[in-house]
Amino acid sequence: MTKHIFVTGGVVSSLGKGLTSASIGMLLERRGLSVRMQKIDPYLNVDPGTMSPYQHGEVYVLDDGSETDLDLGHYQRFTNSPLTRDSNYTTGQIYLSVINKERRGEFLGQTVQVIPHITNEIKSAISKLDGEDVDVVITEIGGTVGDIESQPFLEAIRQFALDIGKENCLYIHLTLVPYLKAAGELKTKPTQHSVGQLRQIGIQPDILICRTERSLSRDERAKIGLFCNVPVDAVIEEKDKDFSVYEVPISLVDHGLDELIVRKLGLKAGKLMLDDWRDLIHRLRNPEHEISIAVVGKYSEHRDAYKSIYEALDHGGIAHKAQVRIQRIHSELVEQEGPERLLSGVDGVLVPGGFGERGISGKLEAIRFARVRGIPFFGICLGMQCAAIEFARNVIGLEGAHSTEFDKNCPHPVICLLDEQRSITQMGGTMRLGAHPAVLVPDSTAARCYGTLHISERHRHRYEFNNAYREQFAAHGMQVMGTSPDGSLVEVIGLPSHPWFVAVQFHPEFKSQPTRPHPLFAGFVGAAVQRRLSRSAEKTKPLPVASQGDGNRDGRSSQGATPTAQEDLAR
């Protein structure tokens, strides 16, 4: 029988249940077990697809087109668990399913109630991940104990143990042990209250994982165990990680969590294999290079809005033994202060996705700056569309070139709405979503990064490159590096004359892992490392003797500049 682990949280939100759940999944996989991951969110939205990044962070898209919680990104980065639409459920989905069943008459005149109908639907959602080839399902319950919206889910997982037997279930509760500076001590009372609320519901935690900024003494762990009815060896410390989230699994191993889980569930697990992960941590701690990457976006002040991009940049750094210093730059600030002040000195510029016109001008200025100065540039989704708009305006000379998303009547709609999107009025789940194949142009920058011509990447957008402008772009040096298999949709564009200039319509960050960095992020970071090394070498060279008439009128040397960059500077 498939075993089930339920991860709950208490005291405060944002404790890191997703990271902890992903770390547990990774450790069990590294012991030879087959694991499935699942997140249950207590909000009424059907999915996070229409939610603001300021409230929810990034929307993580799966191969099957599901728009899911960002914690599934942690699952993807830490584990090899296949993720599908059954890996993320919301209150909205649960209630919608029950209401639809009621409308179809499936309850035969019963009064439909939270118990048993809603809780049965939740249990059914959890059971969908069971299988003969699945050893463990880890289900993370969003929110915190005590939230009114979480109560049906907690009741459902209480019932679940009765249905399949307590020996097949494990409850792990993540809680906070705060340090009060004025008192000079850690406080266990919030954890006691949190566990007390769980026990009132009928759930006795089997393991407590205590988030803390200071190490717990054995006496403090014993006190927590005594008041929470948990053995002291099941009180696990999870101290804050100042360096990297990828240290979390190592910390949990050091405190015996994997052994505890295997023993309590009676799992037939092998020896823990973590050599490659420890090597990864060593690379992070001992970089050979340090580079600066500017991420110019409209949500840059919100760390979770581009979570997967930041992680993928770190993965690219791991591939090149480089520490990536990320500069989060708001695109509106580029509009106000100019790219010269904000981007001078960076080794790479990345413009991520987004929706809406706010900050577009700043993104265009950042792209032009990177293109003209020969700074490695990576555009993703809207970043690719902005790269096309910038090139159309400043190189081809198409005045007023824009996207019809922002200006329906622009004279040159180099970015336009997908044909299949024109008749859609609803917002949720109606974009081009999920994994789609693409074919790359041989010997292009993108093909060299991937090492293959056939790829599959995840999409989340409504607008596309306008094919009517393909020839003009090609004539001025912008190469279409990849298309859909039938050639109808442009997936990748780039400048062969530039040190590294690639823009993609899809979201490669969703498939990057620390042990398997995405090829495009590895290529981008590699180009940034080369730029840093070249600049360092230039600084060590003796200054040449200036001769009359050497250089351009504005004092800049023309050596090494591409014709496109020269023309643009002159314009």
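Since the structure is predicted, the reported quantities are computational estimates derived from the model, not experimental observations.
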Quiz item: Would the number of heavy atoms belonging to other residues, nucleotides or ligands and lying under 6.0 Å from CG of Asp275 be above 12?
Solution: no
Exercise. Could you tell me whether the side chain of Ile329 reaches within less than 4.5 Å of the side chain of Val349, counting heavy atoms only?
Key: no
Quiz prompt | Test of ring centre spacing under 6.0 Å for His498 and Phe377 | solution = no
Practice problem: State, with a plain yes or no, whether a side-chain heavy atom of His74 is found less than 4.5 Å away from one of Gln76. | Solution: no
Exercise. May I ask you to decide if the ring planes of Trp500 and Phe378 are parallel, tilted or perpendicular, using 30° and 60° as cut-offs?
Key: perpendicular
Quiz item: Can you tell me how far CG of Leu72 sits from OH of Tyr60, rounded to the nearest 0.5 angstrom?
Solution: 7.5 Å
Exercise. Examine the side chains of Glu220 and Thr188 and answer whether a donor and an acceptor come within less than 3.5 Å of each other.
Key: no
Quiz item: For the residue pair Phe510 and Val59, what are the closest heavy atoms and their distance?
Solution: CZ-O, 3.3 Å
Quiz item: Got a salt bridge between Asp206 and Lys166, using NZ or NE/NH1/NH2 to carboxylate O under 4.0 Å?
Solution: yes
Self-check item: Any pair counted as side chain to side chain donor-acceptor pair (under 3.5 Å), so long as it reaches residues 11-20, sequence neighbours left out
Solution: Thr20-Glu238
Practice problem: Run through Met26, Glu259, Lys268 and flag the one making a side-chain contact (heavy atoms from CB on, under 4.5 Å) with Arg31. | Solution: Glu259
Quiz item: Is there a donor-acceptor pair closer than 3.5 Å between any side-chain N or O of Ser21 and the backbone N or O of Gly18?
Solution: no
Exercise. Give a yes or no on whether the ring-centroid distance for Tyr246 and His315 is below 6.0 angstrom.
Key: yes
Exercise. For the pair Val504 and Met384, evaluate side chain to side chain contact (heavy atoms under 4.5 Å, CB included) and give the outcome as yes or no after the intermediate values.
Key: CA-CA 5 Å; Val504 299; Met384 178 264 208; 5.6 Å; no
Quiz item: Can you check whether Thr8 reaches Tyr171 side chain to side chain, under 4.5 Å on heavy atoms?
Solution: no
Quiz item: If you look at every heavy atom in His461 and Cys381, which pair is closest and at what distance?
Solution: CB-SG, 3.8 Å
Self-check item: Residues in side chain to side chain donor-acceptor pair (under 3.5 Å) contact with Ser534, at least two apart in sequence or another chain
Solution: none
Quiz prompt | Any side-chain donor near an acceptor of the partner, Ser308 and Glu58, under 3.5 Å | solution = yes
Quiz item: Do His436 and Gln505 meet the criterion of a side-chain donor-acceptor pair at a distance under 3.5 Å?
Solution: no
Quiz prompt | Spacing of Asp314 atom CG and Leu280 atom CG [to the nearest 0.5 Å] | solution = 10.0 Å
Quiz item: Gln38 and Tyr89: side chain to side chain contact (heavy atoms under 4.5 Å, CB included), yes or no, with the steps?
Solution: CA-CA 8 Å; Gln38 185 181 56; Tyr89 281 90; 3.9 Å; yes
Exercise. Answer yes if the side chains of Ser66 and Asp64 hold a donor-acceptor pair under 3.5 Å, and no otherwise.
Key: yes
Self-check item: Ionic contact status for Lys307 with Glu311, cut-off 4.0 Å
Solution: yes
Quiz item: With under 30° as parallel and over 60° as perpendicular, where do the rings of His4 and Phe6 fit, or are they tilted in between?
Solution: parallel
Exercise. Decide, yes or no, whether a salt bridge links Asp135 with Lys3 under the criterion of side-chain N to carboxylate O below 4.0 Å.
Key: no
Quiz prompt | Pairs meeting criterion salt bridge (charged side-chain N to carboxylate O under 4.0 Å, His left out) with involvement of residues 281-299, two or more places apart | solution = Glu247-Arg285, Asp279-Arg283, Glu288-Lys321, Glu290-Arg325
Quiz prompt | Salt bridge flag under 4.0 Å for residues Asp254 and Lys239 | solution = no
Quiz item: Do the side-chain N and O atoms of Arg36 and Tyr75 include a donor-acceptor pair separated by under 3.5 angstrom?
Solution: no
Quiz prompt | Electrostatic pair Arg432:Glu491 at N-O distance under 4.0 angstrom | solution = yes
Quiz item: Which atoms form the tightest heavy-atom contact between Met1 and Ile164, and what is the distance?
Solution: SD-O, 3.7 Å
